[in-house]
Amino acid sequence: MSPSSANSTLIVRLRHSPDFAVHSHGWCHLAPFSWNDDCLYRVVRLPKSGPRCVALAWSTGTRTVRVTIPGRRIGATDRQSLREQIRWMFRADEDFSEFWALCRSHPALRHCALNRTGALLRSATVFEDVVKTICTVNCHWRNTKRMVTNLCRLFGEPCPGVADAFAFPTPEPMAAASEQDFQEARLGFRARYIRELARRVVDGELDLNAWCRQRDPAVLREMLLSVKGIGSYGANHMLMLLGHYGMIPCDSEVRAYLGIAAKASAREVERRAANRYGRWGRYAFLAYKFERVFCKQNYVDCPD
DNA sequence: TTCCAGGGGTAGA
DNA sequence: TCTACCCATGGA
């Protein structure tokens with residue numbers, strides 16, 4: 001699909017750079033997102049039209065996302081839903097001005113203020129983000145991509161007119177699926193966690209909207225840790241996706257970046273990351289993340 | 001065959 | 001609170 005083949009568009013304005021939001025972490029490569037030809041694609045689920053594959057594009061340096069909806073025009077209800085989904089995924093309502101003010105005096109983070117960097121892409125729903133977070137646990141990134149693609153193919157609704165494109169599944173089909181159905185997704189030990197998560201959401205036992213309403217990160221973290229399959233890393237990663245940046249999700253990349261020996265415990269990694277970035281307070285993760293981006297782009301090691 | 005990856009759960013000390 | 005062990009998968 002090419003964005004030029006579209007017959008309707010939607011413009012979404014942001015406070016920050018969509019370019020950095022998309023490329024600063026790997027979420028844009030997880031289905032039903034895909035990155036191709038300098039354009040981000042996503043199969044969105046619209047209330048009236050069902051699954052539609054839209055193209056999201058922007059010019060470098062601008063803060064406007066142009067959403068192209070190919071094929072049949074969508075109505076006002078779908079248009080409003082699509083706008084809300086894009087705004088959520090790009091964090092249109094988040095204000096990073098305080099973080100940028102802190103960055104201006106830091107050599108490795110000044111670029112954040114200059115480029116209006118801070119937001120990181122997230123999925124259209126919290127459910128999708130939790131499932132994807134569980135799929136990052138103890139596996140290579142390429143395996144994460146495969147597992148998420150498998151879930152979409154097995155349980156997601158196909159997008160009419162687009163080959164091999166599926167919306168991300170809702171909790172219902174996952175909750176209703178058997179263990180055998182899940183085996184095809186090749187999730188390994190993660191299958192039982194995701195199945196239980198879906199079942200709890202469908203049963204109303206777990207209210208994911210409550211996570212969005214909870215403004216105290218410590219309380220929210222405890223809520224996240226109540227989900228089987230979500231541990232310290234997963235909880236901090238979900239906090240980040242929900243807009244709380246005070247805790248760093250310590251994975252093997254953090255360990256490598258900070259030069260922490262493989263034999264050091266996960267707790268030790270968390271301690272050292274907290275010591276290093278603690279002065280950034282509620283922006284600790286953003287400081288770590290974008291300092292690492294700066295070092296990678298400039299071919300330098302982690303500064304002391 | 002062994003190791004490792006964007007770890008987590010559980011039991012036991 | 002910490003450690004050891006197990007949990008599936010797949011590529012190197």
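In what follows, chains are A, B, ... by sequence order, proteins preceding strands, each numbered from 1.
Rounded to a whole Å, the CE atom of A/M238 is 13 Å from the P atom of B/dG8. Across the protein-nucleic acid pair, A/E184 atom CD and C/dT9 atom C1' stand 16 Å apart, rounded to whole Å. A/R190 places its CZ atom 13 Å from the P atom of B/dG9, with the value rounded to the nearest Å. What separates CD1 of A/I230 from P of B/dT10 is a distance of 14 Å, to the nearest Å.
Distance noted for atom C1' between B/dG6 and C/dC2: 24 Å (whole Å). The gap from the P atom of C/dA8 to that of B/dA11 amounts to 16 Å, rounded to the nearest Å. Taking atom P on both C/dC5 and B/dC4, the two are 16 Å apart, rounded to the nearest angstrom.
Between A/R146 and the phosphate of C/dG11, there is a side-chain N or O to OP1/OP2 separation shorter than 4.0 Å. A/R271 has a side-chain polar atom (N or O) that falls below the 4.0 Å cut-off from OP1 or OP2 of C/dC2. At least one side-chain nitrogen or oxygen of A/S252 sits closer than 4.0 Å to the OP1 or OP2 atom of B/dG6. Listed pair A/R267 / C/dC2 meets the phosphate criterion, a side-chain N or O lying under 4.0 Å from OP1 or OP2. Taking side-chain N and O atoms only, A/R192 has a distance below 4.0 Å to OP1 or OP2 of C/dA8. An OP1 or OP2 oxygen of B/dT10 is reached within less than 4.0 angstrom by a side-chain nitrogen or oxygen of A/K228. When the side-chain nitrogen and oxygen atoms of A/R186 are compared with OP1 and OP2 of C/dG10, one or more of them lie within a distance under 4.0 Å.
The ring pair (Phe, Tyr, Trp, His ring centres under 6.0 Å) contacts involving residues 57-91 of chain A comprise nothing, where partners must be two or more places apart or lie in separate chains.
Centroid-to-centroid, the aromatic rings of A/F285 and A/F99 stay 6.0 Å apart or farther.
Of the candidate nucleotides C/dG11, B/dG6, B/dA5, B/dA5 has the atom nearest to the side chain of A/C139. Looking at the side chain of A/N143, the nearest of the listed nucleotides C/dG10, B/dG6, C/dC7 is C/dG10. In this structure, of B/dG6, B/dA5, C/dT3, it is B/dG6 that holds the atom nearest to the side chain of A/W27.
Checked by distance alone, A/H140 brings no side-chain donor or acceptor within 3.5 Å of a matching partner on the base of C/dG11. Side-chain to base pairing of A/D251 with B/dA5: no donor and acceptor N or O lie closer than 3.5 Å to each other.
No aromatic stack links A/Y193 and the base of B/dG8, using centre distance under 5.5 Å and interplanar angle under 30°.
Nearest-nucleotide positions on DNA chain C for A/N138 and A/R142 put A/N138 closer to the 5' end.
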Let's go through A/R199 and A/D203 carefully: what are the C-alpha distance in whole Å and the side-chain angles of both, what is the deciding distance for salt bridge (Lys or Arg N to Asp or Glu O under 4.0 Å) to 0.1 Å, and is it a yes or a no?
CA-CA 6 Å; A/R199 185 194 56 75; A/D203 289 351; 3.1 Å; yes
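One finds no salt bridge joining A/E184 and A/R153 here, because no Lys/Arg side-chain nitrogen approaches an Asp/Glu carboxylate oxygen to under 4.0 Å. We find that A/R282 and A/E98 are joined by a salt bridge, their nearest charged nitrogen and carboxylate oxygen being less than 4.0 Å apart.
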